[in-house]
Amino acid sequence: MKLAIVSTSDIHAYLCPTDFTQKEMNLPLGLLKVSSFLKNISADEKLYIDNGDFIQGSPLASFVKDKVKTPRILSEFLNELHPLARVLGNHEFNYGVDYLKEAVEASTAPYLAANVLNTDGEPYFGTPYLVKDVGQFKVGIIGLTTQYIPHWENPENIKDFRFISAVEALRHWLPIVQASADFVVVSYHGGFEADPKTEKMLEKPTGENEGYQLLEQFEAIDVLFTGHQHGLYVGQHGKTFYSQPGHKGEYVAVVTLQIDEPTRTITDATIDLHHLTDVTEDLNLKAKVRPLEEQVEKWLDQPIGTVKTDMSITDPNKARLETHPYVTFINAVQSWATGCDISATALFNQKAPGFKGDITMRDIVINYIYTNTLAVLSVSGKDLVEALEQCAAFFTLSDGQITINPNYYIPKPQYYNYDMFSGIDYTFDISKPEGQRVVGLRYKGTPIDLKAPYEIVLNQYRAVGGGNFAMFGPEKIIREYGTDMTELIAQYIKEHPEVEVPAVHNFKVVY
């Protein structure tokens, strides 16, 4: 028997082959193309698993949250692909537990979450694994999620959840599944802390990503699907086949096992990451998605106002070296929304074009790609210095030039972990050792008092310590704001229909 075990991960509600930067695109991504690909897989049996981060993370997902107000329609679209199981991603929690429960209830496939527990220590959604009869044998599937969610998420959204290590959970559940299954698949919404092929550490071992430990410690896993990092990994470690299929449905991971049924053994196997180039859309599913897509496109092109200041970003790396009007504007929106004069934000990736002239919702969501809300923290001057020093580590010197530290783009781009501050004046001197680079730090013309309290507004991810900013945390939050930043930007522009940003030069990077 030939069995195909298939995984997608981090689709982020990209249904159609578009990135929303313009209408009528035909990119090699999206659920409609995944659906076509699945229908054309040749095998005696095939099992499809979605590995999480499905209901959040795109303009379409934002529209569904703000206008449709229920994720049921998204679950129903994924149901059309007949997944055997789904896994919780960290972004499934972004819109609150009630929203998540609606997605779970509308899914025809169970959500497997062996390490996402309730206050009694039991799997919150009741289903840590399932066992599927396939021909004469059984396949067990265990679902796991990154335990690091409390470091990013609004505490209100996860107040009744406990997140334990994927390694700890698998140590408990794997023997139970082995007792009733011939083969074991683990679908883990987390990534690799070390490269499975070279064994080189890819990041500090915080517990966010435990994929390599799963490979090392559990030889009984036949197939390990990972995600979360948006990386492309494929290979074999011992007898375990592993993969990570990127994001937005650009790739589909397929493990094909040739199984001898009488002996219940794998006689041959292949594992591939299939790029959706030359794959056409599933026309039947497209007809069902089309009405929603049309509403989203209309919403994206609604005019909001005009910016009188040119906030175009032509060189994102240069824009991080000194105050840029786009960054000044985003910080101004955060301060306007919260009444807090110290603010920090980031250029989240290398693609943000900035603003110029007339502004639509499409312009806003292209630039501000995350569904962040805001929080105000009370921190010490020492905390501010430590945060700035961590941001200064974003840069390094190479051949006498300031460049980006490779740790911020290998193995995963982390441009969102470099913040630029307003309301304070400072300089990074990259010629100095890390931890000693912040010079000339002042607030309202006065040197920062290391022991004094200061209020700062941050996005929720950073406010709870996301990005390993240990000087922040939920215990320091003094007030929160539930409106999404894309909405706040739109509200600000509507209230200031001709936006002008004053020329500010409050920070620079030198060597």
Side-chain angles (χ1 to χ4, degrees), residues 4-12 14 28-29 34 37-38 41 47-54 57 85-91 112 141-148 165-167 170 183-257 266 269-277 349 406-414:
I5 308 174
V6 187
S7 175
T8 53
S9 191
D10 300 87
I11 289 180
H12 289 290
Y14 280 85
L29 58 84
V34 171
F37 178 82
L38 289 176
I41 291 175
L47 308 178
Y48 167 49
I49 305 163
D50 181 72
N51 193 48
D53 275 6
F54 185 80
R86 298 177 66 172
V87 175
L88 291 168
N90 53 296
H91 287 292
L112 308 182
I141 302 170
I142 304 171
L144 298 166
T145 299
T146 175
Q147 65 171 318
Y148 214 63
S165 163
V167 172
L170 196 59
F183 307 104
V184 178
V185 177
V186 173
S187 188
Y188 168 50
H189 190 86
F192 293 108
E193 71 279 32
D195 188 302
K197 292 182 179 178
T198 66
E199 302 182 1
K200 179 182 177 181
M201 292 301 296
L202 300 173
E203 61 189 32
K204 294 179 181 179
T206 63
E208 176 182 352
N209 299 302
E210 301 177 275
Y212 184 71
Q213 291 180 71
L214 297 181
L215 290 174
E216 281 284 284
Q217 297 188 31
F218 300 101
E219 296 181 356
I221 300 173
D222 293 291
V223 178
L224 173 65
F225 292 125
T226 65
H228 180 57
Q229 289 171 315
H230 297 185
L232 298 174
Y233 292 93
V234 61
Q236 184 174 357
H237 186 280
K239 78 177 190 66
T240 303
F241 297 93
Y242 64 84
S243 80
Q244 186 175 135
H247 65 134
K248 299 180 183 177
E250 292 180 322
Y251 289 83
V252 178
V254 181
V255 179
T256 305
L257 305 178
I266 299 171
T270 59
I271 181 167
D272 296 294
L273 286 177
H274 293 271
H275 192 241
L276 296 187
T277 304
N349 58 28
N407 292 335
Y408 285 82
Y409 56 86
I410 300 174
K412 174 185 177 180
Q414 297 182 52

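From a predicted model like this one, the values you see are computed outputs, not experimental measurements. Along the sequence shown, residues carry numbers from 1.
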- Task: Calculate, to the nearest 0.5 Å, the distance between atoms NE2 and NE2 belonging to His247 and His228 respectively.
- Result: 13.5 Å
- Query: Which pair of non-hydrogen atoms, one from Leu232 and one from Gly246, has the smallest distance, and what is that distance?
  - Reply: CD2-N, 3.5 Å
- Can you name the closest pair of heavy atoms from Pro245 and Ser7 and give their distance? CG-O, 4.1 Å
- Task: Identify which one of Lys412, Glu193, Gln147, Glu203 satisfies the side-chain hydrogen bond (donor to acceptor under 3.5 Å, both in side chains) criterion when paired with Asn209.
- Result: Glu203
- Query: So, the side chain of Glu208 versus the backbone of Tyr148: is there a donor-acceptor pair under 3.5 Å, distance only?
  - Reply: no
- Query: Taking the side chain from Asn90 and the backbone from Asp53, do they hold a donor-acceptor pair closer than 3.5 Å?
  - Reply: no
- Item | Passing option when Ile221 is tested against Leu215, Val185, Leu170, Ile142 for side chain to side chain contact (heavy atoms under 4.5 Å, CB included) | Leu170
- Note on the structure: Closest non-hydrogen atoms of Leu273 and Tyr233, given as atom of the first, atom of the second and distance, are CD1-O, 3.7 Å
- Query: So which heavy atom on Ser9 is nearest to which on His189, and how close?
  - Reply: OG-ND1, 4.0 Å
- Heavy-atom check, side chain of Leu47 versus side chain of Ile49, under 4.5 Å: no
- State, yes or no, whether a side-chain contact exists between Phe183 and Val223 at a heavy-atom distance under 4.5 Å. no
- Message: Any non-hydrogen side-chain atom of Ser187 less than 4.5 Å from a side-chain atom of Leu112?
- Response: no
- Here the gap from Leu38 atom CG to Thr8 atom OG1, rounded to the nearest 0.5 Å, amounts to 7.5 Å
- Mind checking whether Asp272 and Val234 have side chains closer than 4.5 Å, heavy atoms only? no
- Message: Can you tell me how far apart CD (Glu219) and OG1 (Thr240) are? Round to the nearest 0.5 Å.
- Response: 7.5 Å
- Drop me the distance from Asp195's CG to Ile410's CD1, to the nearest 0.5 angstrom. 11.5 Å
- When rounded to the nearest 0.5 Å, the distance separating OG1 of Thr226 from CG of Leu214 is 9.5 Å
- When rounded to the nearest 0.5 angstrom, what distance separates CG in Asn51 from CZ in Arg86? 11.5 Å
- Task: Begin with the C-alpha distance, continue with both residues' side-chain angles, and end with the deciding distance and a verdict on side-chain contact (heavy atoms from CB on, under 4.5 Å) for Val254 and Phe37.
- Result: CA-CA 11 Å; Val254 181; Phe37 178 82; 3.8 Å; yes
- Message: If you compare all heavy atoms of Tyr14 against all heavy atoms of Gly57, which two are closest, and at what distance to 0.1 Å?
- Response: CE1-O, 3.8 Å
- Task: Specify the closest pair of heavy atoms between Gln229 and Gly191, including all atoms of both residues, with the distance to one decimal.
- Result: OE1-CA, 3.2 Å
- Message: Between His12 and His91, is the ring pair (Phe, Tyr, Trp, His ring centres under 6.0 Å) condition met? List the steps.
- Response: CA-CA 9 Å; His12 289 290; His91 287 292; 5.5 Å; yes
- Tyr188 (side chain) donor-acceptor with Glu210 (main chain) under 3.5 angstrom: yes
- Aromatic centroids of Tyr242 and His237 separated by under 6.0 Å: no
